[in-house]
Amino acid sequence: MSSAEEELKKLRAGIDSLDTEIIALIQKRAGFAQEIGRVKKESGGPIYRPDREKDVYEKVTKLSGGPLPSSVIRAIYREMMSGTIALEHPLKIGFLGPEGSFSHSAMRSKFGSSIDAVPQTSIPDVFRMVEEGKLDYGVVPVENSTEGQVSSTLDMFLETDLFVYSELYQRISFSLLGFETDLSLVKKIYGIRIGNEQCRNWISANLPNAEVVDTSSTAMAAKLVSERKDGLAIASKIAGEIYNLNVIAEGIEDYSGNTTRFLVIGKTESPKTKEDKTSIVFSIPNQTGSLFAILKTFNDASINLTKIESRPLKRNLWEYHFFVDFIGHKEDPKIAELLEKVKSQCTLFKLLGSYPTAGSFPT
């Protein structure tokens, strides 16, 4: 045996020994997690805890000294946590389907693979299924870095009593999928409206005469092209793999770094962590200075607003609901006092939830 073979044999023996220890420790950890699940069940607490999830990710990131990057370590722990939760109660998670959508990818990034993934045909359907108790949680897009708000998500917070339980950010890259490789022959492009808008310049430059057909999701676009053998789809590469489509072009989004923010919605609220965000929606009297007074309340309290969006009141012309996100948790004394002041100035006020910020863990 050569010296190189001898060295490889010793190194592999070291890995085999470590694998034995790692598996034993993973199973031991799962045993503790099972006991935690039992206590949660007996006390009526939620099985999935985004605050604890964040603590674990922060801890393993600090402990990770390489050579594997912290993102790989977090992915390993995500699957371990997903698996141990499933030992007690496999979570039913709804998302805008079908499989292969960006919502599906975001859901997997958040919850791992040991869940019962339940695709829905629309964002309102995700909300309704969670509200009716048929799903534990839902994952819905709320805003895109280039195209702004997802209106149907904001509107459903006004029609249901669900809370924002967690958030995550998903990098979005679009591919052109289908069977026809000669773009001059393409008559139709299928895709979700907000995704089509994110590829507007590329479409104009490369497929100026093609009809753009809006679909309910990017994955549905891929599914339709697969079934109809007609036109091309704007979707993810994963959708192309699922529906056996060729990748005609990659990275067709107009802006690099294109990112969508997703929310996890549920019936419960998240416990406080070190870094939280709070979301509210309100409407105000239609009179001079009303919005300024609200914003001044935040400014006087030195609270950082991270987002403000308006949506029209459907019953009253030219009046609006305002959706606001800001840093802090509702249980902070300073935030609790602020919310009371804001509420007193509103004709409608609704707390949508306080939850861990995801800024430190983009996916």
Side-chain angles (χ1 to χ4, degrees), residues 69 71-72 75 95-110 113 117 119-123 139-153 168-262 361-363:
S71 60
V72 173
F95 64 96
L96 177 60
E99 291 185 359
S101 67
F102 287 107
S103 293
H104 183 220
S105 178
M107 180 203 64
R108 290 289 295 270
S109 295
K110 186 67 172 175
S113 59
Q120 302 296 311
T121 57
S122 70
I123 288 173
V139 175
V140 292
V142 68
E143 61 179 322
N144 176 264
S145 59
T146 60
E147 293 301 317
Q149 67 182 4
V150 179
S151 301
S152 57
T153 294
L168 67 150
Y169 293 87
Q170 185 82 12
R171 189 64 58 83
I172 304 296
S173 182
F174 291 100
S175 295
L176 193 67
L177 310 171
F179 302 105
E180 180 56 69
T181 58
D182 186 347
L183 296 186
S184 67
L185 300 178
V186 175
K187 298 293 189 295
K188 291 183 179 180
I189 307 170
Y190 296 92
I192 193 170
R193 184 196 59 78
I194 193 170
N196 300 337
E197 290 298 314
Q198 291 165 46
C199 304
R200 184 190 306 115
N201 294 339
W202 194 96
I203 294 171
S204 178
N206 295 276
L207 291 161
N209 299 317
E211 176 189 1
V212 178
V213 180
D214 289 345
T215 59
S216 60
S217 70
T218 52
M220 181 56 72
K223 187 172 185 289
L224 288 174
V225 170
S226 177
E227 292 172 349
R228 297 177 180 179
K229 307 294 189 292
D230 168 24
L232 298 175
I234 294 176
S236 67
K237 284 182 69 177
I238 293 175
E241 294 170 6
I242 291 173
Y243 298 104
N244 298 312
L245 300 176
N246 299 321
V247 177
I248 309 302
E250 294 185 61
I252 65 172
E253 63 275 7
D254 294 332
Y255 299 98
S256 61
N258 184 26
T259 301
T260 293
R261 178 184 174 217
F262 290 85
F361 303 109
T363 53

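Sequential numbering from 1 along the given sequence is applied to the chain's residues. Please read these numbers as outputs of a predicted model, since none were measured by experiment.
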F95: partners by ring-ring contact (aromatic ring centres under 6.0 Å, His included), with sequence neighbours left out: H104

Nearest heavy-atom neighbours spanning A219 and G100: CB-C, 3.6 Å

Point-to-point distance, once rounded to the nearest 0.5 Å, from OG of S145 to CG of N258: 4.5 Å

By side chain to side chain donor-acceptor pair (under 3.5 Å) - contacts of T121 (at least two apart): D125

Min side-chain heavy-atom separation L232-L183 under 4.5 Å: yes

Contact check, side chains of I248 and V186, non-hydrogen atoms, under 4.5 Å: no

Salt bridge (charged side-chain N to carboxylate O under 4.0 Å, His left out) partners of E180, counting only residues at least two apart: none

Residues which pass side chain to side chain donor-acceptor pair (under 3.5 Å) with S113, listed by chain and number, not counting sequence neighbours: E79

Pairwise side-chain contact, N246 with L177, heavy-atom cut-off 4.5 Å (strictly under): no

Smallest separation among heavy atoms of C199 and I234, with atom names: SG-CG2, 4.0 Å

Contacts of F174 that satisfy ring-ring contact (aromatic ring centres under 6.0 Å, His included) - sequence neighbours left out: F102

Contacts of type side chain to side chain donor-acceptor pair (under 3.5 Å), residue Q120, not counting sequence neighbours: none

Heavy-atom side-chain contact between S103 and V140 under 4.5 Å: no

Salt bridge (charged side-chain N to carboxylate O under 4.0 Å, His left out) against E147, all qualifying residues, sequence neighbours excluded: R200

Closest contact, heavy atoms only, V139 versus A106: CG1-CB, 4.3 Å

I194 and T260, any side-chain heavy atoms less than 4.5 Å apart: no

Pairwise distance CD(E99) to CE(M220) - rounded to 0.5 angstrom: 12.0 Å

Interatomic spacing from CD in E197 to CD1 in I203 - rounded to 0.5 Å: 8.0 Å

Derivation of the side chain to side chain contact (heavy atoms under 4.5 Å, CB included) call for L96 and I192: CA-CA 11 Å; L96 177 60; I192 193 170; 4.3 Å; yes

Salt bridge (Lys or Arg N to Asp or Glu O under 4.0 Å): pairs with one or both residues in residues 240-261, sequence neighbours excluded: E143-R261, E167-R261, K237-E250, R261-D325

Closest contact, heavy atoms only, N196 versus G191: ND2-O, 3.0 Å

Closest heavy-atom pair and its distance - S101, T218: CA-OG1, 3.8 Å

Distance (rounded to the nearest 0.5 Å) between L168 CG and S109 OG: 7.0 Å

Qualifying residues under side-chain contact (heavy atoms from CB on, under 4.5 Å), relative to S226, sequence neighbours excluded: Y243, L245

I238, CD1 atom: more than 12 neighbouring heavy atoms under 6.0 Å: no

All pairs passing salt bridge (Lys or Arg N to Asp or Glu O under 4.0 Å) where residues 205-227 contributes a residue, at least two apart: K223-E227

Sub-4.5 Å side-chain heavy-atom contact between P98 and S217: yes

Under the side-chain contact (heavy atoms from CB on, under 4.5 Å) test, residues paired with A221 that sit two or more places apart: Y190, T215, A233

N244: partners by side chain to side chain donor-acceptor pair (under 3.5 Å), with sequence neighbours left out: none

Distance (rounded to the nearest 0.5 Å) between I172 CD1 and S105 OG: 7.0 Å

Within-4.5 Å side-chain heavy-atom neighbours: N144 and T259: no

Nearest heavy atoms of A117 and P119, plus distance in Å: O-CD, 3.5 Å

Note, N206 side chain near I252 side chain (heavy atom, < 4.5 Å): no

Neighbour count >12 (heavy atoms, 6.0 Å) for atom CZ, F179: yes

